[in-house]
S.K.: 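My questions will all concern the structure given below.
Here the structure is a predicted model, which means the values were calculated and not measured. Positions are given from 1, in the same order as the sequence printed here.
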Amino acid sequence: MAKQDYDPQGASVTILVSEGPVNENLEHASDNESPGPLPDVVVAHLDKSHITVHTYPEYHPDEGISTFRADIDVSTCGHISPLKALNYLIHSFDADIMTIDYRVRGFTRDITGKKFFIDHKINSIQNYMGGDFKDRYHMIDVNVYQENIFHTKCILKEFDLDNYLFGITKKDIQPGEKKKIKKRLKKEMDEIFYGRNIPKV
């Protein structure tokens, strides 16, 4: 657990919940000079904001396709919009598929006390992405403007098979097998992007 009090008021508490026991490595806990451990989990408090990352590696039991999902939550308060971090995060992870949600939680007030449930103009999350990114990805917006909910899904337009193979390259694969692998990868990506199982044709 981590906690932080803020001045003049406010507090933040973070608790990590585990399905099983957490093994703490105490061999580096002595005062002698030695490298510290590399933790599996890091908890930190940021001023007026927080970032959490949850990872979900998995693989397809029949097709042998491995996927790695990272859920990133960026929350801020004050004048800084989490959308300003979006371009950096996108380029840092270089993902094949992204589902991006944005909404303003809570409200701010003007000097007369009137509540503002969104304090800046936004038409689309895509406006916070660089032009090079828009050239590489197919994107769909699903926005509910009256509820201040913005949703954008992105998928690579083209992919290089060499980025998905381990121990071999596409030059080592026969054309027919290469076509089958690309078809399997495309189906896997489409299912993740559209959020539904696609039947075999």
S.K.: Can you tell me how far apart CG (Leu165) and CD1 (Ile173) are? Round to the nearest 0.5 Å.
M.R.: 4.5 Å

S.K.: To the nearest 0.5 Å, tell me how far Glu191 CD sits from Ile97 CD1.
M.R.: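 Rounded to the nearest 0.5 Å, the CD-CD1 separation comes out at 10.0 Å.
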
S.K.: So if you build clusters from Ile, Leu, Val, Met, Phe, Trp, Tyr with side-chain heavy-atom gaps below 4.5 Å, do Tyr194 and Phe159 land together?
M.R.: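 Linked within one cluster.
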
S.K.: So how far is it from Ile181 CD1 to Lys170 NZ, rounded to the nearest 0.5 Å?
M.R.: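 Answer for the CD1-NZ pair, Ile181 versus Lys170, is 12.0 Å.
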
S.K.: I want to check something: taking the side chain as every heavy atom from C-beta on, are Asp62 and His60 in contact at a cut-off of under 4.5 Å?
M.R.: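 Asp62 vs His60: side chains touch.
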
S.K.: For Ile122 versus Ile118, what's the shortest heavy-atom pair and its separation?
M.R.: CG2-CD1, 3.7 Å

S.K.: Supply the atom-to-atom distance Lys186 NZ to Ile198 CD1, rounded to the nearest 0.5 angstrom.
M.R.: 7.5 Å

S.K.: Roughly how far apart are Asp190 CG and Asn197 CG, rounded to 0.5 Å?
M.R.: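 With rounding to 0.5 Å, CG (Asp190) is 12.0 Å from CG (Asn197).
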
S.K.: At their closest point, which heavy atom of Lys134 faces which heavy atom of Met139, and how far apart are they?
M.R.: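 In this case the closest contact between Lys134 and Met139 is CG-CE, 3.4 Å.
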
S.K.: Any link between Ile168 and Tyr164 through a network of hydrophobic side chains (Ile, Leu, Val, Met, Phe, Trp, Tyr) touching at under 4.5 Å?
M.R.: yes

S.K.: Determine whether more than 12 heavy atoms belonging to other residues, nucleotides or ligands lie under 6.0 Å from atom NZ of Lys114.
M.R.: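 No, because the 6.0 Å sphere around NZ of Lys114 holds 12 heavy atoms or fewer from other groups.
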
S.K.: Can you see which heavy atom on Val53 is nearest to which on Ala70, and at what distance?
M.R.: CG1-CB, 4.5 Å

S.K.: Tabulate below the donor-acceptor pairs under 3.5 Å that side-chain atoms of residues 147-156 make, not counting sequence neighbours, or state none.
M.R.:
| from | atom 1 | to | atom 2 | distance (Å) |
| --- | --- | --- | --- | --- |
| His151 | ND1 | Asp101 | OD1 | 2.4 |
| Thr152 | OG1 | Asp141 | OD1 | 2.6 |
| Lys153 | NZ | Phe193 | O | 3.0 |

S.K.: For the side chain of Lys182 and the backbone of Leu161, is there at least one donor-acceptor N/O pair under 3.5 Å apart?
M.R.: no

S.K.: Is the number of heavy atoms from other residues, nucleotides or ligands under 6.0 Å of Tyr145 OH greater than 12?
M.R.: yes

S.K.: Do Ile140 and Ile90 share a hydrophobic cluster, counting only Ile, Leu, Val, Met, Phe, Trp and Tyr and linking them when any side-chain heavy atoms are less than 4.5 Å apart?
M.R.: yes

S.K.: Could you tell me whether Arg184 and Glu188 make a salt bridge, using a distance below 4.0 angstrom between a side-chain N and a carboxylate O?
M.R.: no

S.K.: For Tyr137 and Lys157, which heavy atoms make the closest approach, and how far apart are they?
M.R.: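 Closest approach of Tyr137 to Lys157, heavy atoms only: O-CE, 3.2 Å.
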
S.K.: What residue among Thr67, Thr99, Asp96 forms side chain to side chain contact (heavy atoms under 4.5 Å, CB included) with Ile192?
M.R.: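 Answer to the side chain to side chain contact (heavy atoms under 4.5 Å, CB included) test with Ile192 among Thr67, Thr99, Asp96: Thr67.
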
S.K.: Quick check: is Tyr102 connected to Val142 through a chain of hydrophobic side chains (ILVMFWY, heavy atoms under 4.5 Å apart)?
M.R.: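 As far as the 4.5 Å side-chain criterion goes, Tyr102 and Val142 are connected within one cluster.
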
S.K.: Could you tell me if the side chain of Val104 sits less than 4.5 Å from the side chain of Phe117, heavy atoms only?
M.R.: no

S.K.: Are more than 12 heavy atoms from other residues, nucleotides or ligands located less than 6.0 Å from atom CZ of Phe68?
M.R.: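 Atom CZ in Phe68 is packed in, count exceeds 12.
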
S.K.: Give me the atom names and distance for the closest heavy-atom approach of Ala95 to Met98.
M.R.: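 It is CB-CG, 3.9 Å.
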
S.K.: Could Asp94 and Arg136 be called an ion pair, given the rule that one side-chain N must be under 4.0 Å from one carboxylate O?
M.R.: yes

S.K.: Tyr128: what forms a ring pair (Phe, Tyr, Trp, His ring centres under 6.0 Å) with it, not counting sequence neighbours?
M.R.: none

S.K.: Quick one: CE on Met129 to CG on Leu89, what's the gap to the nearest 0.5 Å?
M.R.: 11.0 Å

S.K.: When hydrophobic residues are tied together by side-chain contacts of less than 4.5 Å, even through go-betweens, does Ile100 share a cluster with Phe93?
M.R.: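 Different clusters: Ile100 never reaches Phe93 through Ile, Leu, Val, Met, Phe, Trp or Tyr contacts under 4.5 Å.
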
S.K.: State whether the number of non-hydrogen atoms from other residues, nucleotides or ligands found under 6.0 Å of Glu158 atom CD is greater than 12.
M.R.: no

